[in-house]
Participant: 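Let me begin by handing over the structure; questions about it come next.
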Amino acid sequence: MNPFFLISLVLAGMVVWTAGSFFFWRISQRNKTLRSQTLSQPVLRLAEKWVAEAQGKLEVLVENSEKPLSMAQHELLELRLEASRLPQGVKNLRLVREALASKLSPIRLKQNLADITGLYLDPGDFNVIDPHLIQLKTSLGEMPCLEMESQGSPLSEAQMKTLLSQVSQSLNKPGPDLVSGGFLYFGNDQDYQACLANSEWMEGLKSRRLMVMDFKGLTALLISLRLVRDADKVLKTFEAGVQTTLGLEGQPEKMSEALGRLTANTLKTRTVLEGTPPENLKAKP
């Protein structure tokens, strides 16, 4: 290839590149000049300053909103996952009810009433008057529970009178949450069966709204109180969690509407600045 032709081609390219660069430089300088002239009015500089401040606030919002929104999304997801476990809780309670309706065979414990109760209930769920007399906190109020101590001999009339007197004294103690009625626990099966077989004793207990129970009955009573406490805790905790989400209702729509209006008005105002007749920018009532 002719070297003179290559040199001519290179020189022509340099001339075209130089002319193009000069042309774009003149356009840039003209735009800067026009911008400088446009912003020469103080009111225009103020308008730009206000828009710049609004832009800056949105930039800060973008930076600051990501973390709390991500955290809220995570917490809501966790709440939904935990809520999905509620049916299992319902099933577990149903299984306990079925077990209570079947033949019970709990291992008998050689402990007093207060110690046995402490295995199932928290300290704040019952009050210990003495090792054989407690007050259970139920949904009805505080109810006394008295243990009949085994004497090693058949249950006598005198022992029953003493028991009824003790229970009556407990029922008559003042207390804002103390309700009528209570429980009489027989740790000895023979005493329990003897009480059931004596119609006069049972009538006396019934008149005082006292329920007699053996070890199986005591176990069932304490288990039910334990599970009621646990279910109430679940109910209150989940209700509180759900209540915190109510404030989010409708917020995405409001946020979308606000951002959509800003976008639409931004486009409209840009066309106005380019010479298009303005449209109504007022917010709709």
Participant: With sequence neighbours left out, what residues match D130 under salt bridge (Lys or Arg N to Asp or Glu O under 4.0 Å)?
Facilitator: none
Participant: I need the full list of side-chain hydrogen bond (donor to acceptor under 3.5 Å, both in side chains) pairs touching residues 62-85, with sequence neighbours left out, sorted by first then second residue.
Facilitator: E66-S70, E82-R85
Participant: Would you say that F215 contacts D189 through its side chain, given a criterion of any heavy-atom pair below 4.5 Å between the two side chains?
Facilitator: no
Participant: How many angstroms lie between atom CG of L93 and atom CD of Q88, to the nearest 0.5 angstrom?
Facilitator: 10.0 Å
Participant: Any non-hydrogen side-chain atom of L262 less than 4.5 Å from a side-chain atom of L58?
Facilitator: yes
Participant: Check whether more than 12 heavy atoms from other residues, nucleotides or ligands sit under 6.0 Å from atom CD of E157, and answer yes or no.
Facilitator: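 Yes, the 6.0 Å shell around CD holds more than 12 heavy atoms from other groups.
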Participant: Kindly state each residue pair satisfying side-chain hydrogen bond (donor to acceptor under 3.5 Å, both in side chains) with at least one member in residues 262-275, sequence neighbours excluded.
Facilitator: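 Sorted pair list comes back empty.
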Participant: Report yes if some heavy atom in the side chain of Y120 is under 4.5 Å from a heavy atom in the side chain of D125; otherwise report no.
Facilitator: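 The answer is no, as the side chains (C-beta and beyond) never meet within the 4.5 Å cut-off.
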Participant: Looking at side-chain heavy atoms only, is the closest gap between L136 and F126 below 4.5 Å?
Facilitator: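 Of all side-chain heavy-atom pairs linking F126 with L136, at least one is under 4.5 Å.
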Participant: Which residues end up grouped with L81 if you chain together Ile, Leu, Val, Met, Phe, Trp and Tyr wherever their side-chain heavy atoms are less than 4.5 Å apart?
Facilitator: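 Grouped by the 4.5 Å side-chain rule, L77 form the rest of the cluster around L81.
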Participant: Which ILVMFWY residues are connected to V234, directly or by a chain of links, through side-chain heavy atoms under 4.5 Å apart?
Facilitator: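 Besides V234, the cluster holds L86, F238.
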Participant: Would you say the side-chain atoms of R108 pair up with the backbone N or O of G187, donor to acceptor, closer than 3.5 Å?
Facilitator: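 The answer is yes, because a donor-acceptor pair under 3.5 Å joins these two groups.
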Participant: Tell me, please, which residues at least two apart from D232 pass salt bridge (Lys or Arg N to Asp or Glu O under 4.0 Å).
Facilitator: none
Participant: Between K49 and E53, is there a salt bridge with N-O shorter than 4.0 Å?
Facilitator: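 Salt bridge present between E53 and K49.
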Participant: Give a yes-or-no answer on whether the side chains of Q243 and E239 include a donor-acceptor pair shorter than 3.5 Å.
Facilitator: no
Participant: Under 6.0 Å from the CE atom of M202, do we count more than 12 heavy atoms belonging to anything else shown?
Facilitator: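 Result for CE/M202: enclosed.
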